[in-house]
Amino acid sequence: MDTLLLSRIQFAANISFHILFPTITIALCWFLVYFRARYTAARGTPAAQGWEEAYYLWTKVFALSFALGVVSGVVMSFQFGTNWPGFMEKVGNIAGPLLGYEVLTAFFLEAAFLGIMLFGRGRVSDRVHLFATLAVAVGTTLSAFWILSLNSWMQTPAGFRMENGVMHADDWFAIVFNPSFPYRLVHMLLASTLTVSFLLAGLSAWQILRGTTNQGTRRALTTGVVAAACAIPLQIFAGDLHGLNTLEHQPAKIAAIEGIWQTERRAPLTLFGLPNEAEQRTDYAITVPGLASLILAHDWDAELKGLNEFPGAHPPVAPVFWSFRVMVGMGVLMLAVSWWAAASLWRARKNDRSGPLPLSRTQLRVLAAMTFSGWVATLAGWFVTEIGRQPFLVYGLFRTADMVAPHAAGMVLTTLVGYLAVYLFLLVAYVLVLMYMAQHPAMPLPASPQAARPAVPVGGPA
Amino acid sequence: MDLTWPQLLPLIFMGVMGLSLLAYVVLDGYDLGVGILLPFAEDDEKDLMVASIGPFWDSNETWLVLGIGVLLVAFPFAHGLVLTALYLPVAVMLFGLILRGVSFDFRVKARAAHKWLWNALFAAGSLIAAMAQGWMLGSYLTGFQGSGWPLAFSLLIALTLPTAYAVLGSGWLIMKTGEDLQRKAVAWGRATLWPMGLALAAISIATPLVSPTVFDKWFQMPTLIALLPIPVACAVAFFAAWHVLSRPRVVAAGYGWVVFASTVLIFVLAFVGLAYSLYPYIVLDRMTVWEAASAHESLVIIFVGVAITLPAIIAYSAFMYRVFWGRASALSYLPPPPATPATPAGDEVTGRA
Ligand code: HDD
Ligand code: HEM
Ligand code: HEM
């Protein structure tokens, strides 16, 4: 394999591993703020214990996910220089400040207040602690804002001028708020919300099936199901708008997504099929006539551009085609599952809160099976976006092949194998530890103030 | 010399980058040092050692991201050159930082039977990261020549930087702990101080020998005298640390912080010396600060950001250190107990629960 391909695989492996954890931390932090607010509101009532226990368990999940997000993010920040030096030389004037603002406004905010958020209870007042939690939540969201702005700019570049082959910034507002950015930001924030909703619901359902619950389990499960049921229609709507935006700016990507080989009117929607790039057709296609034109142009008879219009400048079809179907398939599944569970909860809403949960064992099993569905959809979505941008790094302007560092292929292969081994190990450890924590959800101490609690003896007084 | 604004900006960014790398080396230096020392402690002491750095390590590591970020933002050409040349040591360092960073959390969340594994990965990760950083410093100073004396020089720094971090880590533990662990930290400090001193001396002698540019900058008559305070102050700081480390009574009397403070002073002085050797190059003998800088309008936009956010970052980082000021105690996600008579803490509340 050549250096270019290896470097691409390495970049894709690193970013795919990285994105798994930010996807969780961005939204989970806001859920923790919610748990805390409910706890504060319920203080003195029996419900408080449940919210406190949910907060405790999910803080542990948050801390672990955050650590994985940080270390993989540090890897990302070195990748550009080690593997894509051409990128920074040509685009550094624009990419640099965006990344710089992410470090300055987001990373330090998260990192500094994380310690107070996790370990500061009792050292600072409740109000300062809540402020620290909010600061971390704002920080993770801000970091999504900046990095997605950069990524969107690479997809739909705007606000620049070229001088001697190097990009210079002309209009920072146009750069930050480039044409695809609003869609991408909304879609990603909703993706994060959905990922965490299904994680909350799934892990809690699994706890119930295993009989290792505490009072927080039910709170987490209901929160997850309701949040998912609310977010998924929004996500489908946002995804549709995102597709229209992509059709306008990156028609070659849409042609690959839909498997449209020749420009045509009344283009059919291909539900399934096997893209055959050599023969320029989709084998065994199951199609609905005219539907693609209707969805994408809101007109049965509209003309859609096919891949034939972009010779040598369109992405590989099969991975884009398939990733898109995985993502949308997951979205439909999420809709079905979350509404099914939400309907059961809704019907039983008047019942005694401490009675049995109104979900059948089948429903619990399905929810547990969907625990990591958000990861699948999110990765698939990123594959559509990123592979669909190929062969360009900055759409229409710079090709990926021209940016790569000329390392020996063997060296890149060595580090790639190293990364893959470490990531696989950590991914397995992460999932196992999540399950382990779900099986031991008890807080170590009784939360009632009268009960004896161990002091903090080690190390003497502060 | 009359500096215009476009000429001055790259220099300012050089300063910001240098200072954030210095902040990184000092701050992450002590927590890498604690990681390197971990295998020498008893099991229950390990929890406290980790607790002493638990709230800080993430923000300490962020200074590295900022340093690299400024290199990327302000000097994209040097960024590509340096990081491409350092491909392997960077990858090795990243492996170390990954293992160290995740072990923090895993060691208290995974089942107790696996704790030894995460402890081992934590220590190994810290050591690997420290050695890789030493290697990078060495090859950076020798202009990335991959053979002969320059190679031996890089190896020398790779082997000695961990001892410097270990001294910093001991100094940190002396301040943050008491009793047995503090006594151990003093012993660790004693054991690593001399190797660090010798290494620093060797590096100071070797650097001008492997680089003629550096030689010319230091060994000219009037300048040599003007520069003399740097090595002298280094020696004074070194002996202050040695004085405290070799007298348990002085530590007991509350002067343990001197060890940490003098080690930091040595780091700062070494940094000043290095900055003087390099100026005005960003890659020695190859690329000056101005040749590497990005377009003026990009520097301006990021300068505004730095001017506004850096003071805020420093302020809230200081606030965070104040919150966790004083002796380290077990970390817990729960509010601490009301002041009742102490009973031993359960497994779950010690370390990074
Ligand atoms: C949609 C969100 C998103 C995306 C697409 C990315 N990140 Fe990220 N990143 C985050 C959202 C995030 C976060 C949620 O804000 C993290 C996770 C944990 C954390 O500390 O912040 C983070 C952490 C994080 C860190 C560690 C910060 C620290 O030390 O606290 C670095 C250096 C990066 N990222 C860099 C990158 C780079 C270079 C990316 C792409 C090329 C990237 N991230 C994609
Ligand atoms: C079911 C309806 C959905 C539709 C119609 C849809 C549509 C799209 C489209 C067209 C893109 C490509 C954007 C581009 O051109 O670059 C995309 C990207 C993406 N999708 Fe979806 N999507 C849906 C569901 C989901 C779900 C359920 C998730 C995750 C939980 C998800 C996560 C993502 C992500 C992370 C991206 C890449 C980031 C981005 O470009 O914003 N999508 N989606
Ligand atoms: C965080 C979510 C992201 C994911 C999951 C992701 C995924 C991918 C994947 C799968 C590839 C490989 C494409 C291929 O080889 O055909 C790729 C390439 C690339 N992406 Fe992303 N990407 C993400 C975000 C970003 C961001 C935010 C940037 C910009 C700063 C970026 C810059 C690049 C670059 C430079 C490549 C180069 C190599 C290549 O195109 O093959 N990516 N990414």
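Letters A, B, ... mirror the listed sequences (proteins, then strands); counts begin at 1.
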Novice: Do B/Leu94 and A/Tyr419 come within less than 4.5 Å of each other through their side chains, counting heavy atoms only?
Specialist: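 Yes, at least one pair of side-chain atoms sits under 4.5 Å.
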Novice: At a 4.5 Å cut-off on heavy atoms, which part of B/Leu66 comes close to chain A: side chain, backbone, both, or neither?
Specialist: both
Novice: Contact part of A/Ala132 toward chain B, heavy-atom cut-off under 4.5 Å: side chain, backbone, both or neither?
Specialist: neither
Novice: Please state whether the side chain, the backbone, both or neither of B/Val82 comes within less than 4.5 Å of a heavy atom of chain A.
Specialist: neither
Novice: For A/Phe66 and B/Asp58, work out which heavy atoms get closest and say how close.
Specialist: CE2-OD2, 3.2 Å
Novice: By a 4.5 Å heavy-atom criterion (distance strictly below it), what part of A/Phe425 contacts chain B: side chain, backbone, both, or neither?
Specialist: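 Only the side chain of A/Phe425 comes within 4.5 Å of chain B.
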Novice: As an exercise: rank A/Leu68, A/Thr105, A/Leu109 by heavy-atom pairs under 4.5 Å with chain B and give me the winner.
Specialist: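 Top option by heavy-atom pairs under 4.5 Å: A/Leu109.
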Novice: With A/Val103, which of B/Val65, B/Val70, B/Ile313 fulfils side-chain contact (heavy atoms from CB on, under 4.5 Å)?
Specialist: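 Passing option: B/Val65.
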Novice: Just so I know, are the side chains of A/Thr414 and B/Leu88 near enough to count as touching, which here means a heavy-atom distance under 4.5 Å?
Specialist: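 In short, these two side chains do not touch, never coming nearer than 4.5 Å.
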Novice: Please classify the contact of A/Val412 with chain B as side chain, backbone, both or neither, using a heavy-atom distance under 4.5 Å.
Specialist: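 The answer is both parts of A/Val412.
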Novice: Search all heavy atoms of B/Thr62 against all heavy atoms of A/Ala111 and return the closest pair with its distance.
Specialist: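 Closest heavy-atom pair between B/Thr62 and A/Ala111: OG1-CB, 3.5 Å.
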Novice: What part of B/Phe106 lies closer than 4.5 angstrom to a heavy atom of chain A: side chain, backbone, both or neither?
Specialist: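 When you check distances to chain A, atoms from both the backbone and side chain of B/Phe106 fall under 4.5 Å.
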Novice: Check each atom of B/Ile314 against the heavy atoms of chain A and say whether the ones under 4.5 Å are side chain, backbone, both or neither.
Specialist: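 No part of B/Ile314 comes within 4.5 Å of chain A.
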Novice: So for A/Tyr423, is it side chain, backbone, both, or neither that comes closer than 4.5 Å to the heavy atoms of chain B?
Specialist: side chain
Novice: Do A/Phe78 and B/Leu64 come within less than 4.5 Å of each other through their side chains, counting heavy atoms only?
Specialist: yes
Novice: With chain A as the partner, which of B/Val92, B/Leu99, B/Ile302 has the greatest number of non-hydrogen pairs under 4.5 Å?
Specialist: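 Looking at each of B/Val92, B/Leu99, B/Ile302 in turn, B/Ile302 comes out on top.
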Novice: Quick check on the interface: out of A/Val433, A/Asn93, A/Ile116, A/Val91, who has the most heavy-atom pairs with chain B under 4.5 Å?
Specialist: A/Asn93
Novice: Against chain B, label A/Gln10 side chain, backbone, both or neither, depending on which of its atoms sit under 4.5 Å from a heavy atom there.
Specialist: side chain
Novice: For residues B/Ala91 and A/Thr415, report the shortest heavy-atom separation together with the two atoms involved.
Specialist: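 For B/Ala91 versus A/Thr415, the nearest heavy atoms are CB-CG2, 3.7 Å.
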Novice: Do other residues, nucleotides or ligands put more than 12 heavy atoms under 6.0 Å from the OH atom of A/Tyr436?
Specialist: yes
Novice: Using non-hydrogen atoms only, which part of A/Leu432 is less than 4.5 Å away from chain B: side chain, backbone, both, or neither?
Specialist: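 No part of it gets close to chain B.
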Novice: Checking B/Leu71 against chain A: side chain, backbone, both or neither under 4.5 Å from a heavy atom?
Specialist: neither
Novice: Counting C-beta onward and ignoring hydrogens, is there a side-chain heavy-atom pair between B/Ile98 and A/Leu426 closer than 4.5 Å?
Specialist: yes
Novice: Hey, does B/Leu97 have a side-chain heavy atom less than 4.5 Å from the side chain of A/Val71?
Specialist: no
Novice: Tell me, side chain or backbone of A/Met437 under 4.5 Å from chain B's heavy atoms, or both, or neither?
Specialist: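 The side chain, not the backbone.
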Novice: For atom CZ of A/Arg161, is the number of surrounding heavy atoms from other residues, nucleotides or ligands below 6.0 Å larger than 12?
Specialist: yes
Novice: Over all heavy atoms of both residues, which pair between B/Trp57 and A/Ala67 is shortest? Give the atoms and the distance, please.
Specialist: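 Taking every non-hydrogen atom into account, CZ2-CB, 4.4 Å.
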